[in-house]
Number of protein chains: 2
Amino acid sequence: MAENCEEKDILSYSICRYSSFSYNYVPENIYSDNSKDQSSRWSSDSNQPPQFLTLKLDRPAIVENITFGKYEKAHVCNLKKFKVLGGLNDEHMIELFEGGLKNDHIAETFTLKKEIHDNLFPCRYIKIVPLQAWGPSCFNFSIWYVKLRGESNWDVVQPCLQWLVTFREKEAIRLCLKHFRQRQFTEAYEALQKRTKVSLEHPILTELHSMLVKHGDFEKSEDLLWQAAEEGLFDQYICDQDYTPKWTPIEPLPNGDNPSTYQPGMRGGHQMCLDLQTESLYLFGGWDGNRDLSDFWVFSVPSKEWTCLSSDTHKEGGPNARSCHKMCLDYERKQIFILGRYLDASMRTAENLKSDFYMYDITSGRWTLITEDTHTMGGPRLIYDHQMVIDIQKQTLYLFGGRVLSSVGSDRSGEPSFSGLYAYHIPTNTWSCIMEDSPTLKSRIGHSMLFHSKRRLLYVFAGQRSKEYLNDFFTYNVDTGQIDIITDGTKKDSGVPSAGFTQRATIDPNKDEIHVLSGLNKEKEKRENVKNSFWVYSIKKNRWSCVYRNENTGQQYWTKMQNLEPVPRFAHQLVYDHIRKVHYLFGGNPGKESLPKIRLDDFWVLKLCRLSTEHLLRQCKYLLRKYKFQELAERDPHAAMLYLQNDLASIVDHKNIQEREEFESLASTLFRSPGDETEGTEETILADTSTHHMARTELFDQLVAFFPEHMSQPKGNLVDLIPLT
Amino acid sequence: MAENCEEKDILSYSICRYSSFSYNYVPENIYSDNSKDQSSRWSSDSNQPPQFLTLKLDRPAIVENITFGKYEKAHVCNLKKFKVLGGLNDEHMIELFEGGLKNDHIAETFTLKKEIHDNLFPCRYIKIVPLQAWGPSCFNFSIWYVKLRGESNWDVVQPCLQWLVTFREKEAIRLCLKHFRQRQFTEAYEALQKRTKVSLEHPILTELHSMLVKHGDFEKSEDLLWQAAEEGLFDQYICDQDYTPKWTPIEPLPNGDNPSTYQPGMRGGHQMCLDLQTESLYLFGGWDGNRDLSDFWVFSVPSKEWTCLSSDTHKEGGPNARSCHKMCLDYERKQIFILGRYLDASMRTAENLKSDFYMYDITSGRWTLITEDTHTMGGPRLIYDHQMVIDIQKQTLYLFGGRVLSSVGSDRSGEPSFSGLYAYHIPTNTWSCIMEDSPTLKSRIGHSMLFHSKRRLLYVFAGQRSKEYLNDFFTYNVDTGQIDIITDGTKKDSGVPSAGFTQRATIDPNKDEIHVLSGLNKEKEKRENVKNSFWVYSIKKNRWSCVYRNENTGQQYWTKMQNLEPVPRFAHQLVYDHIRKVHYLFGGNPGKESLPKIRLDDFWVLKLCRLSTEHLLRQCKYLLRKYKFQELAERDPHAAMLYLQNDLASIVDHKNIQEREEFESLASTLFRSPGDETEGTEETILADTSTHHMARTELFDQLVAFFPEHMSQPKGNLVDLIPLT
């Protein structure tokens with residue numbers, strides 16, 4: 001038994017099974033935490049898979065986390081990669097965690113998956129499967145100490161067990177029902193349903209099955225699908241589909257003959273922010289390729305007009321010309337905050353190295369210099385390429401990262417210095433340093449930081465630290481200070497945007513989504529290059545999806561695309577209107593080696609579009625009609641031809657090449673001789689069901705995929721679950 | 001597509017899925033066999049699991065073997081360990097092979113599992129899963145070339161597909177039927193069975209279910225089990241149980257006062273062989289601790305008497321004193337053959353180093369010197385610790401291995417020399433060397449070799465080669481010359497006897513079993529030591545089982561055991577009477593460090609016993625009555641007490657401590673208060689079935705385990721197959 005079971009939520013366990021052990025390194029050694037004792041560990045007798053330890057809990061419990069103790073020094077046998085599984089018996093387990101330990105002496109605790117299908121998942125067995133050790137392949141796996149924590153109170157666990165048993169029973173019955181219906185075991189289907197009262201699916205699907213598969217009534221089937229669409233039954237499916245990005249260039253209305261007076265000029269390293277309430281975009285500063293700018297603009301989305309608020313803010317008591325600064329807008333109080341700037345080495349005099357901090361009051365049109373140097377107030381030194389976000393509710397600005405500028409002399413003396421995490425409370429004009437640059441919170445430049453106003457979390461992603469490209473992703477809770485790592489960036493995964501330091505990110509707190517437009521990428525073994533890719537991260541699903549990627553680099557290609565998609569770039573600005581679901585992109589550096597001084601002044605709107613219900617409904621109808629045509633073709637080629645020319649032709653999406661080609665090939669099936677059948681497949685072997693039953697069932701299964709999973713028959717098939725050996 | 005598809009049985013395939021690849025090492029490189037091209041290979045981009053290649057065959061086929069091409073030199077990325085899976089779709093596959101490649105340049109071909117449930121198994125997908133590379137853990141996995149061979153003729157494959165589909169359908173229905181019966185979904189059960197005509201089990205089991213679970217008629221249930229036993233339905237179960245070894249010392253009848261005249265003296269390195277027809281054991285030679293012996297004895301099993309045929313065979317024209325020779329008996333022709341001997345270094349003169357070869361004719365009692373030196377006839381040189389077996393049907397002796405003795409001078413000059421595989425055809429007095437010591441057939445000493453007269457195979461197992469302890473196991477077909485490797489000995493597996501060089505093995509061609517009594521073991525990292533273990537290898541099941549293992553080493557223990565089990569030893573003799581299923585053991589060296597000259601003269605008979613039908617039936621009745629008592633106890637404690645004292649007491653095996661204790665504890669359940677129930681389990685949660693249904697079903701499932709699998713309900717449960725996530 002594990003020691004120290006006094007702590008309230010510690011779950012006691014015993015070793016139930018194991019793959020192997022060496023010498024005296026028996027599995028039972030993991031009961032006690034003796035970090036000074038070399039021999040107080042389990043060690044496998046090889047690293048050949050499968051290696052595992054199965055722990056049996058004294059009683060069923062909801063296992064919340066697992067703690068691994070370690071040796072007092074780094075050790076080659078530590079687990080670099082492992083999995084944790086759990087279940088009510090030791091043969092049927094699900095994965096609860098996959099990850100790795102750091103090769104150090106600090107105990108680590110990992111949260112385990114404790115819910116399935118929104119219910120707490122009770123375990124009696126926990127299986128630890130080592131996959132990789134820190135040392136080279138000759139070293140075995142060692143585990144020094146394991147502590148499990150969770151809830152074993154029978155009053156909590158019993159209902160979960162109850163639920164799990166019921167769930168499995170119900171799913172078993174649903175699989176039977178699905179199978180019986182597919183095989184037309186009507187009587188057995190009815191008897192089972194009557195006895196168990198388990199329903200296979202939403203009634204509309206049962207009706208669809210009856211119309212489509214049983215009666216072959218395709219018109220009624222179309223009606224039912226229309227009805228389903230009306231009732232919003234396809235919304236979930238549509239929501240699960242990836243977005244299609246739709247870029248549109250914004251042509252501002254001319255405000256005179258000279259473009260420089262009616263729209264901001266070419267630039268990179270500028271700042272832009274949005275007043276959600278008035279749909280006004282504010283733009284300030286940047287670098288035009290030759291010099292820093294201090295012009296200040298506003299674009300009104302409703303009127304499509306740029307207005308130059310000031311051609312030089314410095315003259316009006318505002319900030320002097322700058323780039324690589326940050327700007328935030330409080331739309332409740334109509335205030336804009338500006339902090340930081342980049343200084344060329346030659347400019348880094350003691351006077352210039354002060355971190356000035358300005359506020360612009362939109363209503364009065366006035367600038368205020370809050371302080372000449374935030375550092376003297378407990379805030380950051382002069383920084384650039386940092387991130388700044390605003391918590392409007394609590395009137396607090398959060399700043400994280402950025403490179404600290406110092407005079408040329410001091411710069412040479414040591415490592416570059418990065419600024420930590422700071423908070424500025426606006427009403428009291430108070431700065432506080434939450435954390436300096438540290439291993440717990442590695443500071444950086446070129447990262448993204450977003451504030452989720454509902455979850456009260458800062459999301460920090462990627463960035464660069466001297467020559468190190470970071471690819472981690474974590475949250476910081478502004479109220480509790482808790483840091484949660486979403487991905488530590490050590491795992492290679494092509495389904496995550498690669499380490500970048502010029503990506504632009506936005507957040508949608510309503511949809512719980514983060515959007516990333518990548519610019520300059522640092523891809524393994526490749527030269528740095530600029531190419532477009534757009535990623536969406538679903539916070540709820542903890543899942544990235546790449547909405548698009550355009551790897552074209554030729555001048556010619558991008559000239560052709562100039563009104564369709566923005567050329568890849570960095571040092572641009574992207575802001576997001578999460579109410580109207582619209583992104584705005586302005587300017588940036590296209591990274592042309594031949595023209596290093598060129599900057600952009602194009603202005604785009606980006607909408608992320610999803611499949612519409614209408615489009616999906618049309619797709620359903622196309623499937624139905626295509627199939628009806630095939631049945632018709634067998635018994636009445638003439639009628640089939642008419643149907644093809646009318647009903648089917650009218651529904652085809654002729655813009656969809658694949659569909660058009662398929663449609664065109666359908667006619668030829670009319671003239672195929674009956675012997676032309678392809679070689680028998682698994683389906684044709686099962687042909688003791690009615691002529692069209694199998695084919696219609698297949699079509700039905702295709703249509704079911706558009707309905708929410710919880711309303712539909714189980715996805716799996718009973719026969720696929722049959723063990724073959 | 002793979003090149004070279006002209007060869008008739010080569011299956012063409014294409015890459016269907018893969019885990020990853022590096023640079024230009026794309027999966028498609030495995031189509032072509034370019035052993036000189038470093039880059040003509042698939043290489044994963046890491047060795048982190050899971051890595052795989054999934055190949056899709058152009059059409060379904062029975063895949064018989066897989067060939068891996070290699071680079072022209074050894075390569076760190078070669079697969080030291082991998083698995084091959086196959087199936088009709090790429091999500092539901094079964095394991096077809098697990099093994100590894102040698103790290104050399106020679107292509108290797110592996111036979112894949114191609115049958116399940118005695119039917120050919122058609123595949124459409126083949127998945128190769130690398131598990132370990134030859135190099136340290138920093139190297140990725142590479143596959144250079146893959147060729148698949150098999151049968152894709154539709155006339156052959158179609159019926160297999162048909163069978164597989166039907167099999168899965170049937171098993172699915174059987175799982176449903178089992179589940180419905182367990183849950184008492186009677187109507188659904190009946191409807192399903194009526195419609196599908198699939199039977200769940202043998203009728204006697206259905207009847208047992210009805211009597212036991214439905215009606216609770218325990219007497220009728222006992223009758224049914226008795227009937228099942230009568231019909232031999234338990235034979236399969238009994239046959240699958242491990243043997244219990246039963247040793248009995250043989251006390252030969254005294255033939256005078258002086259033991260040395262009525263039984264052979266202490267010795268090791270002697271030979272013994274059996275005349276199956278007369279049940280006579282012949283014993284010749286050996287080393288008594290001080291000198292080689294040349295006495296020749298026969299033991300008559302029926303009369304339990306030893307007879308000394310000669311106190312010195314050399315005097316009668318037979319072999320001179322020797323040990324480490326080999327002896328074979330042809331019971332058809334009543335001839336005994338003797339070859340080989342060990343010579344002390346001081347004795348290795350040219351004259352002595354001749355390999356003499358004797359035959360003893362049992363009927364006439366005469367010795368014949370067949371040749372003074374087999375080597376001059378094309379046979380082996382003088383050898384010891386070799387193996388010799390006889391093929392009585394074709395009158396041929398087979399010799400394999402043994403150390404070649406050479407004069408002391410020549411011995412120093414080089415490596416020890418091992419003798420190859422020789423055949424001696426008795427009627428024509430012809431020797432032939434089948435194969436010299438070679439990597440294909442590694443020669444050795446201290447191995448086991450057995451001849452399977454029905455399969456016409458030599459089984460070769462273990463042995464030693466200088467400091468290398470071999471643990472391989474292979475067959476040599478004496479008619480075709482084909483070598484098949486059963487295990488190459490590289491895989492660590494605690495379920496196989498460990499590498500030994502003094503084990504004694506026997507074969508039972510009727511039961512298709514090999515028996516191994518291990519002596520001196522070479523276990524990893526441990527000093528050589530002598531301990532008893534007995535293993536049985538089932539040729540049909542390709543499965544080892546350890547019948548017993550006795551690790552006791554103390555003098556005291558073995559003194560106590562002297563009439564119960566032979567003390568561990570080596571250099572002993574073990575012969576087997578496969579007609580009467582009896583082993584005989586005589587003498588040997590107990591390996592006592594303190595008394596190195598001591599040898600043994602004990603004589604044992606070993607019987608391998610199995611559970612009897614009567615015993616199993618009693619066990620069934622015990623289960624039934626124990627359960628009946630529990631039901632009785634709930635409603636009528638008094639009747640239960642009487643039942644316990646009479647019916648149950650009469651059936652308990654009081655020698656079985658566990659059962660006796662259980663029986664004794666049963667009485668106490670009568671006085672347990674009703675609230676004493678243990679915490680709810682999965683079963684108690686499912687309690688909406690009749691009071692005793694669950695418990696009776698559990699008992700039924702316990703009893704079903706004694707019936708042959710093909711007659712019983714499926715072992716699995718539907719709910720256990722339900723995926724939880």
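Since we're looking at a predicted model, the values are computed, not measured. Letters go in sequence order (proteins before strands), and every chain restarts at 1.
Within a 6.0 Å radius of CD in A:E95, more than 12 heavy atoms belonging to other residues, nucleotides or ligands are found. Enclosure of atom CD in A:Q193 by more than 12 non-hydrogen atoms of other residues, nucleotides or ligands within 6.0 angstrom is indicated. Residue A:F97 qualifies as enclosed at atom CZ: its count of foreign heavy atoms under 6.0 Å is above 12. Around CD of B:E187, the count of heavy atoms belonging to other residues, nucleotides or ligands within 6.0 Å does not exceed 12. More than 12 heavy-atom neighbours from other residues, nucleotides or ligands sit within 6.0 angstrom of CZ on B:F167. In the displayed structure, A:K81 atom NZ is contacted under 6.0 Å by more than 12 heavy atoms of other residues, nucleotides or ligands. Environment of NZ in A:K541: crowded, with over 12 heavy atoms of neighbouring residues, nucleotides or ligands closer than 6.0 Å.
With chain A as the partner, the residue from B:H117, B:E91, B:R124, B:K113 showing the most heavy-atom pairs under 4.5 Å is B:H117.
Taking all atoms of both residues into account, the shortest heavy-atom contact from A:H92 to B:D720 is CD2-O, 3.1 Å. When all heavy atoms of B:Q132 and A:N47 are compared, the closest pair comes out as NE2-OD1, 3.6 Å. In plain terms, the two heavy atoms of A:R195 and B:R183 that are nearest each other are NH2-O, 3.7 Å. Between B:I722 and A:A172, the closest heavy-atom pair is CD1-CA, 3.5 Å.
For A:T186, no part lies under 4.5 angstrom from a heavy atom of chain B. For B:Y189, no part lies under 4.5 angstrom from a heavy atom of chain A. Of the two parts of B:S20, neither the backbone nor the side chain holds a non-hydrogen atom closer than 4.5 Å to a non-hydrogen atom of chain A. Of the atoms belonging to A:K80, not a single heavy atom falls under 4.5 Å from chain B. Of the atoms belonging to A:L721, heavy atoms from both backbone and side chain fall under 4.5 Å from chain B. Both the backbone and the side chain of B:L192 come within contact range of chain A, each with at least one heavy atom under 4.5 Å from a heavy atom of that chain.
To the nearest 0.5 Å, atoms CG (B:L718) and SG (A:C176) are separated by 5.0 Å.
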